[in-house]
2 protein chains.
Amino acid sequence: MLSEAGRPLFPKELFDKAQVLLPSLGIATVFRTLKKMVEEGSAKVVNLPGDSPRYERSDLAHHHHFKCFECESVFEINGSPGPLEKLLPEGFQLTDHEITLFGRCADCSAKRS
Amino acid sequence: MLSEAGRPLFPKELFDKAQVLLPSLGIATVFRTLKKMVEEGSAKVVNLPGDSPRYERSDLAHHHHFKCFECESVFEINGSPGPLEKLLPEGFQLTDHEITLFGRCADCSAKRS
DNA sequence: ATCTTAATGATAGTGGATTATCAATAAGTG
DNA sequence: CACTTATTGATAATCCACTATCATTAAGAT
């Protein structure tokens, strides 16, 4: 149940993938396992705006996500824009940030022209 | 029902605020009105990671949001980090982005020291 | 004012994700 | 192996945001 793709997955996606290998698997076990993995630190919750939580392994380098609004696919984006601290008002402390890019992925862009 | 605060609001928040002025108001009307306003373009949906949709007036300049993980308050953040296009892989087209900063707001930072 | 049509409020219903329950199965242990 | 304990699968139950329904009320029109 541990392996993952190059993008964060929904519990249901994980369930479908895992069920191919372990047909008796139940969805409850997926949720239980994910919860445990997050507590233990081996998995991370990925909340993209407007969607229910996805999950990814936690040993990935800091990255963000791109969501194609046409095929709904999510991609990992490496690299970061400039420093974000300078955007904060006086007295605010920054501890985390989430950047989601939206647009058309390479495939959907190609199919369009 | 139209006026709003300096931050995006949940339908329920809007409902509570409006009910003070118009005690007979029902929650259905809030949802209906918001839907209409979004269609007409006078309001905008704000999806912050992990939360249900908030709403804000659409005549605001481009901005992002900061969410205090202590008091849960959301603040508008003006300004933008560097260009985001350069983060994209070949062939990807960027049409929108969402940046959410997390941390401790000025009030919660102060109360802490 | 009378008739017609649109907007509203109360609330039941829906949809989707997640959790609880509990009997069945699998793991450990000695 | 016999027994104790933990894990699992199936599914009912829960939670929440949102929508549908429909009788009532308010607006408009003449």
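Not measured: the values here are computed from a predicted model. By convention in this document, chain letters (A, B, ...) are assigned in the order of the sequence lines, proteins followed by strands, and residues within each chain are numbered from 1.
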When the side chains of residues 98-110 of chain A are checked against the rest of the protein, which donor-acceptor pairs come out under 3.5 Å, sequence neighbours left out?
from, atom 1, to, atom 2, distance (Å)
A:Arg104, NE, A:Glu70, OE1, 3.0
A:Arg104, NH1, B:Gln93, OE1, 3.0
A:Ser109, OG, A:Cys105, O, 3.0
A:Ser109, OG, B:Gly91, O, 3.2
A:Ser109, OG, B:Gln93, OE1, 3.4

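- A search for ring-ring contact (aromatic ring centres under 6.0 Å, His included) contacts involving A:Phe75 returns B:Phe92, not counting sequence neighbours.
- Following rounding to the nearest Å, A:Phe15 (CZ) and D:dT8 (P) show an atom-to-atom distance of 14 Å.
- Position along DNA chain D of the nearest nucleotide to A:Lys36 versus A:Gln19 favours A:Lys36 as the more 5'-ward residue.
- Atom C1' of nucleotide C:dT25 and atom CG of A:Leu22 are separated by 13 Å, given to the nearest angstrom.
- Scanning for ring-ring contact (aromatic ring centres under 6.0 Å, His included) contacts around B:His65 gives B:His63, with sequence neighbours left out.
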Which nucleotides of nucleotides 13-24 of chain D have their base under 4.0 Å from a protein heavy atom (B), which only their sugar-phosphate (S), and which neither (-), written as one string 5' to 3'? ----SSBBB---

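- The two atoms that bring B:Leu84 and A:Pro81 nearest to each other are CD2-CB, 3.8 Å, heavy atoms only.
- Residue A:Asp51 contributes atom CG, which lies 16 Å from atom C1' of C:dG15 at whole-angstrom precision.
- A search for side chain to side chain donor-acceptor pair (under 3.5 Å) contacts involving B:Gln19 returns nothing, not counting sequence neighbours.
- Look at CD on A:Glu13: it is 14 Å from C1' on C:dA17, rounded to the nearest Å.
- The side chain to side chain donor-acceptor pair (under 3.5 Å) test applied to B:Glu76 returns no partner, not counting sequence neighbours.
- The interatomic distance linking B:Leu21 (CG) with C:dT8 (P) rounds to 16 Å, in whole Å.
- Taking only side-chain nitrogens and oxygens, B:Thr29 never comes nearer than 4.0 Å to OP1 or OP2 of C:dT8.
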